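Have a look at the structure below before the remarks.
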Amino acid sequence: FFQAEDGIRDKLVTGVQTCALPIFDPSWAEDKLTTQQNFYKEIWEDNEYFRQGLDVNENDVVVDCGAGTGIFALLAAKKKAKKIISFESNANDYKYLVENCKKNKKITTVNAFVNHRSINVAGDNLPKEQVDLEAILDKYKLKTIDFLKMDIEGFEFAFVLNEKDENIKKVKKWAIETHSCGFFAERAQESHFTLGMIDKFKKLGYDCALEKIHVDTCCYMLYAKLP
């Protein structure tokens with residue numbers, strides 16, 4: 001079931017359990033498979049989450065919000081993170097996340113919707129569990145988080161802006177993909193939210209950088225790091 005096509009086998013399969021590369025399902029439609037291959041390239045080869053002085057270091061505690069099929073989680077494991085907690089709300093992606101990560105004891109997979117407790121979101125396709133930063137810290141008994149990666153389709157704004165300052169500062173490094181953030185009229189609100197996140201991080205003592213990596217989209221990468 002989980003087999004890599006010959007043309008991509010070298011990049012998608014390895015026999016090392018603790019840092020295996022993700023295995024994709026060739027039965028996917030071409031656009032789905034291409035999307036996953038692009039995610040792999042962006043994360044493993046282009047290092048989109050590891051720029052501006054950010055990286056996962058040995059023995060780091062990592063939280064992966066919007067884990068997809070596990071591409072980032074497996075790279076964090078390869079970098080010798082001590083613990084990785086990966087959240088994914090999409091049921092189909094979560095199935096592959098579990099399959100890709102099940103042999104790696106460092107990775108905990110969770111089918112949950114990452115949001116902020118102040119925002120009530122309901123839907124037939126959403127998992128019952130919804131978590132925010134405070135819930136993650138409490139449930140998993142984390143005093144600090146070394147690296148938090150976020151790709152949650154626009155809910156990053158509430159996750160950061162509505163969270164208590166004391167909880168934000170428990171995260172040492174943030175790598176956030178901000179969505180629908182183009183600096184033009186129809187995206188003015190999202191741009192305002194992105195600037196608000198930068199302002200919040202800076203006031204809390206973080207060094208920040210905003211970088212447009214995907215030139216053909218309106219997404220930016222926001223990096224924040226405590227000195």
Side-chain angles (χ1 to χ4, degrees), residues 1-50 56 60-115 121 123-131 136 139-140 147-156 159 175-177 179 213-214 217 219 221:
F1 182 60
F2 289 85
Q3 296 290 329
E5 293 179 334
D6 291 340
I8 58 172
R9 185 177 301 278
D10 290 344
K11 286 188 176 181
L12 302 185
V13 181
T14 176
V16 183
Q17 289 187 357
T18 56
C19 58
L21 300 178
I23 302 174
F24 298 158
D25 184 352
S27 69
W28 283 335
E30 184 177 351
D31 59 343
K32 172 74 171 177
L33 185 59
T34 298
T35 297
Q36 293 298 312
Q37 290 171 316
N38 287 341
F39 286 158
Y40 169 82
K41 181 180 183 300
E42 291 165 3
I43 295 171
W44 279 69
E45 297 179 2
D46 299 341
N47 291 310
E48 72 171 2
Y49 291 104
F50 308 121
V56 169
D60 272 0
V61 173
V62 176
V63 171
D64 179 9
C65 298
T69 58
I71 297 172
F72 175 87
L74 291 169
L75 181 54
K78 185 176 186 294
K79 289 175 174 283
K80 300 183 179 180
K82 177 172 66 177
K83 176 188 292 187
I84 304 142
I85 307 170
S86 294
F87 298 92
E88 177 53 46
S89 63
N90 181 280
N92 189 56
D93 282 350
Y94 182 71
K95 176 180 69 175
Y96 288 94
L97 172 66
V98 171
E99 186 68 21
N100 274 322
C101 300
K102 67 183 181 181
K103 293 182 180 179
N104 196 307
K105 295 181 179 180
K106 294 181 178 181
I107 303 173
T108 299
T109 58
V110 187
N111 184 210
F113 181 64
V114 179
N115 189 20
V121 179
D124 293 338
N125 296 323
L126 291 178
K128 293 182 179 179
E129 185 177 6
Q130 298 193 27
V131 297
I136 293 168
K139 181 175 181 178
Y140 298 96
F147 194 107
L148 193 149
K149 168 261 186 184
M150 184 172 292
D151 180 2
I152 54 174
E153 308 303 324
F155 290 95
E156 65 274 6
F159 186 95
I176 306 171
E177 184 169 289
H179 291 79
I213 297 174
H214 307 300
T217 74
C219 294
M221 285 299 303

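Nothing here was measured: the structure is a model prediction, and the numbers come from that model. Quick note: numbers below take in every heavy atom, side chains included, and nothing from hydrogens, waters or symmetry partners.
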Legend entry - Aromatic contact, Phe87 with Tyr94 (centres under 6.0 Å): no
Legend entry - Flag, side chain of Trp44 to backbone of Ile71, donor-acceptor distance under 3.5 Å: yes
Legend entry - Point-to-point distance, once rounded to the nearest 0.5 Å, from CG of Leu74 to OG of Ser86: 8.5 Å
Legend entry - Side-chain donor/acceptor of Asn90 to backbone N/O of Asn92, under 3.5 Å: yes
Inset, instruction - Answer yes or no: is there a donor N or O on one side and an acceptor on the other, between the side chain of Asp46 and the main chain of Glu48, under 3.5 Å? - result: no
Inset, instruction - Please report the closest heavy-atom contact between Val56 and Ala81, naming both atoms and the distance. - result: CG1-CB, 3.8 Å
Inset, instruction - State whether the side chain of Asn100 and the backbone N or O of Thr69 hold a donor-acceptor pair below 3.5 Å, judged by distance alone. - result: yes
Legend entry - Side-chain donor or acceptor of Glu156 paired with backbone N/O of Gly154 under 3.5 Å: yes
Legend entry - Phe72/Phe50 aromatic ring centres below 6.0 Å: yes
Legend entry - Shortest non-hydrogen contact from Val114 toward Phe155: O-CB, 3.9 Å
Legend entry - Expected output: side-chain Glu88 to main-chain Gly68 donor-acceptor under 3.5 Å: yes
Inset, instruction - Verify, without hydrogens or angle tests, whether Gln130 (side chain) and Asn115 (backbone) share a donor-acceptor contact under 3.5 angstrom. - result: no
Legend entry - For Gly70 against Leu97, the heavy-atom pair lying closest together: CA-CD1, 3.4 Å
Legend entry - Closest non-hydrogen atom pair between Cys65 and Leu148, with its separation: SG-CD2, 4.3 Å
Inset, instruction - Verify the neighbour count for atom NZ of Lys32: are there more than 12 heavy atoms of other residues, nucleotides or ligands below 6.0 Å? - result: yes
Inset, instruction - Grab the two heavy atoms, one from Ile107 and one from Ala73, that are nearest each other, plus how far apart they are. - result: CD1-O, 3.8 Å
